Amino acid sequence: MDTTNLSTLSANGDAVIEKRKQKVCIATCNRADYSKLGPIMIAIEKDPDMILQTIVLGCHLIDDYGSTYRLIEQDGLNIDSRLHTIVRGEDEAAMVESIGLAMVKLPDVLLRLQPDILVVHGDRFDALSLAATAALMNIRILHIEGGEVSGTIDDSIRHAITKLSHYHICCTERAHSRLLAMCEDNERIMLAGCTSYDMLLTAKVRDCDDLIHKWVGPEAEKQDYIIALQHPVTTNIKHSITMFGLMLDALLTFDKKVVILFPNIDAGSKEMTRIMRLKGIEHHPNFRPAKHIPFEEFIILVANAGCMIGNSSAGVREAGAFGTPVVNLGSRQTGRETGENVLHCREADTTQKILHSLEIQYQKQFPPSYIYGDGHAIPRIIKFLKNIDVDKEIQKGFVFPPMPESISKDIDHILETQSALAVDMGGTQLRVAIVSNEGEIKHLESRSTPDNNESRLRTLMEMLVDASQKAIGLSCRILGVGISTGGRVNPREGIVMHATKAIEGWNNIDLRTPISSKLHLPVWVDNDGNCAALGEKKFGFGKNSANFITIATGTGIGGGYIQDGKLLHGTNFCAAELGHTKVSMDGPECLCGGRGCLESYSSGGALQREAKALMKEGGLVVNGMKIAAEEEITAKHLIQSAKLGNTKAQAVLNIGARALATATISLLHILNPSMIVLSGHFAPIYHEEVSKTINREALDSAKGVEIKVSELKEPALLGAASLVLEYATRRTY
């Protein structure tokens with residue numbers, strides 16, 4: 001179909017210019033790159049504004065490597081051109097000749113297809129021929145998985161393709177930084193994550209006994225087999241062939257079931273295949289050789305393997321998503337970011353070293369790592385493609401010198417805003433927001449807090465899933481989840497240890513594990529008072545202060561202490577429980593079970609208690625006030641009454657303020673902070689009386705300390721967001 005601008009007639013006969021469809025050509029060379037490119041191809045095929053063109057070349061068309069072009073046909077995709085480009089020989093000269101043969105054949109195909117954009121993947125020599133041809137023919141190139149480092153000749157090929165390409169999709173923050181260091185234009189880079197993670201993180205990998213029996217053997221069980229996949233290292237072929245033989249010897253000695261895949265077509269692969277046959281691997285009862293395993297089946301095998309060994313990127317990338325133990329042999333992949341599951345055996349020059357590595361790793365348990373993606377790469381890539389203006393000048397530009405490490409915080413049609421999912425878990429309201437790195441609340445949902453833990457967790461999960469989906473439409477990159485909750489919290493484990501009666505039964509609740517497992521995001525949890533202090537530190541008056549205390553006034557009283565720029569948690573995470581600071585030897589009963597606590601005088605709950613008592617006496621309502629018969633009496637009625645001149649109501653507020661001032665004076669004398677920040681609903685009401693009492697009763701050295709009212713409109717949510725934004729922006733994505 002011709003994709004030039006189309007003219008049609010409207011109902012009144014006027015010509016209407018329809019936007020032409022974008023032609024995106026994707027070239028795939030082998031089974032590995034199709035596992036990454038296939039999901040993009042399917043998404044383009046389904047998009048009404050785009051036309052998919054497909055070129056198949058390289059190993060896809062070779063019987064010895066499984067004729068994997070059939071996978072593309074099985075996915076219902078049309079192949080526009082098949083190019084036989086591999087010169088057999090499996091040595092260095094054959095690789096060079098294959099590049100030349102591809103460059104001879106590709107121009108005719110590209111002239112016929114006339115694509116707007118050519119998409120190439122990774123670091124294979126086939127991809128280099130594609131990029132060089134397209135660049136010389138003035139065709140826009142989008143390179144996927146640039147900026148990575150693997151430690152072999154692949155790095156040189158990958159970076160050469162980067163320099164030929166006009167646009168870039170990368171998977172990690174480090175890859176993004178390397179692209180910037182290579183003088184690539186930040187506006188032409190999308191940090192999307194790895195496309196395979198879109199399938200990995202939704203794959204059903206547990207109910208798979210039949211699949212394991214199919215590939216491993218009829219008696220095989222989960223975590224009772226090894227996957228072996230090793231490729232030649234073309235910069236040191238002799239050593240890599242020797243290492244392959246040592247790996248096979250170690251596997252024979254280890255005496256476990258092994259699924260072994262044949263190496264790729266790089267120089268040295270023929271010798272490696274010969275070694276397999278000399279050692280009888282193809283007929284050994286423990287070994288199941290495979291030329292190709294469909295990706296959706298391969299990831300299930302990886303997820304359930306007792307270990308993976310070799311030097312394939314699958315061990316670094318895909319295996320990490322499941323926490324599968326990996327032994328990486330030699331220099332290939334040593335430059336890539338890895339999770340805890342990868343053990344490098346760099347020398348691998350003896351069978352004993354490899355065998356010892358297997359003994360360490362086999363059937364070991366590791367947490368999943370999501371360095372390479374969060375499961376939303378495909379929609380980001382499609383959005384990025386659609387925003388490429390194919391009518392603009394094609395000339396590529398470079399940015400000299402390299403751009404600074406911190407990316408622009410401005411959002412446009414390409415860049416996403418670094419953001420957090422923030423949770424405020426209160427006694428009455430449960431709120432979830434999307435908060436940007438600048439403190440802007442992009443989205444907010446509020447629901448009543450359920451009355452039991454099961455309903456609370458279910459509701460929270462629903463709200464978080466909804467917000468994470470909305471983040472894509474808002475161009476927000478969610479870096480993690482921050483949760484502000486009442487009660488005493490173990491932030492290291494993400495567990496609510498116990499709470500007061502304000503959130504009944506909210507005890508021994510693991511928030512981190514289920515939320516992280518569901519959303520594939522890191523999760524931070526802390527007490528609401530601590531979060532108020534962190535929010536003030538990042539977004540409020542605490543930005544330029546290394547030592548200050550925040551006192552949060554709400555339904556309860558909380559607080560947080562920043563000392564030398566860091567939040568103080570205390571030995572048992574009980575530091576700055578300011579609401580339960582004693583201000584009287586005796587006094588009203590507190591929700592904690594004690595008496596005379598600050599919270600029993602100054603919190604919203606305490607003011608509500610006194611308001612109800614005044615109402616019962618007939619001393620609350622004054623002229624100008626109206627309270628409906630069914631209306632619940634709250635602290636706001638007390639405040640309203642005081643503003644209208646009710647001296648009894650004002651006396652209650654003064655007692656609350658003096659109790660707060662008494663606790664604050666103690667804090668000033670013990671901790672000597674540079675500033676006290678009052679936050680929450682009652683901060684403006686208490687501020688004047690607190691300041692007066694401090695100036696009257698505190699030591700002279702403490703009287704000069706600033707007492708400020710927070711200007712943050714949503715301290716709990718901003719504090720929860722700061723848990724993520726202060727840490728996640730420094731981690732490797």
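Reckoned from all heavy atoms, side chains included, excluding hydrogens, waters and symmetry mates. Here the structure is a predicted model, which is why all the values come from computation and not from measurement.
Side chains of Asp510 and Thr513: a donor-acceptor N/O pair is present below 3.5 angstrom, by distance only. With no hydrogens or angles considered, no side-chain donor-acceptor pair links His292 and Thr68 at under 3.5 Å. Under the 3.5 Å distance criterion, with hydrogens and angles disregarded, a donor-acceptor pair is assigned to the side chains of Thr28 and His60. When only modelled atom types and interatomic distance are considered, Arg206 and Asn304 share a side-chain donor-acceptor pair under 3.5 Å. Between the side chains of His159 and Asp123, no donor-acceptor pair is found at a separation under 3.5 Å. Side chain to side chain, Ser165 and Arg188 fail the donor-acceptor criterion of an N or O pair below 3.5 Å. Side-chain contact, His344 with Asn328: a donor N or O sits under 3.5 Å from an acceptor N or O.
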Margin query: Set out, in order, the CA-CA distance, both residues' side-chain angles and the distance that settles salt bridge (charged side-chain N to carboxylate O under 4.0 Å, His left out) for Asp185 and Lys396, then state yes or no.
Written below: CA-CA 9 Å; Asp185 188 344; Lys396 177 175 178 172; over 6 Å; no

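Here Asp374 pairs with Arg380 in a salt bridge; the nearest charged N to carboxylate O distance falls below 4.0 Å. In summary, Arg317 and Glu148 engage in a salt bridge, as defined by a charged side-chain N under 4.0 Å from a carboxylate O. In this structure, Arg336 does not pair ionically with Glu145, as no charged nitrogen and carboxylate oxygen lie closer than 4.0 Å.
Inter-residue side-chain proximity for Phe125 and Asp266 is flagged as met; some heavy-atom pair is nearer than 4.5 Å. You'll find the side chain of Glu318 reaches within 4.5 Å of the side chain of Ser196, heavy atoms only.
Rounded to the nearest 0.5 Å, atoms CD1 (Ile86) and CG (Leu57) are 7.5 Å apart.
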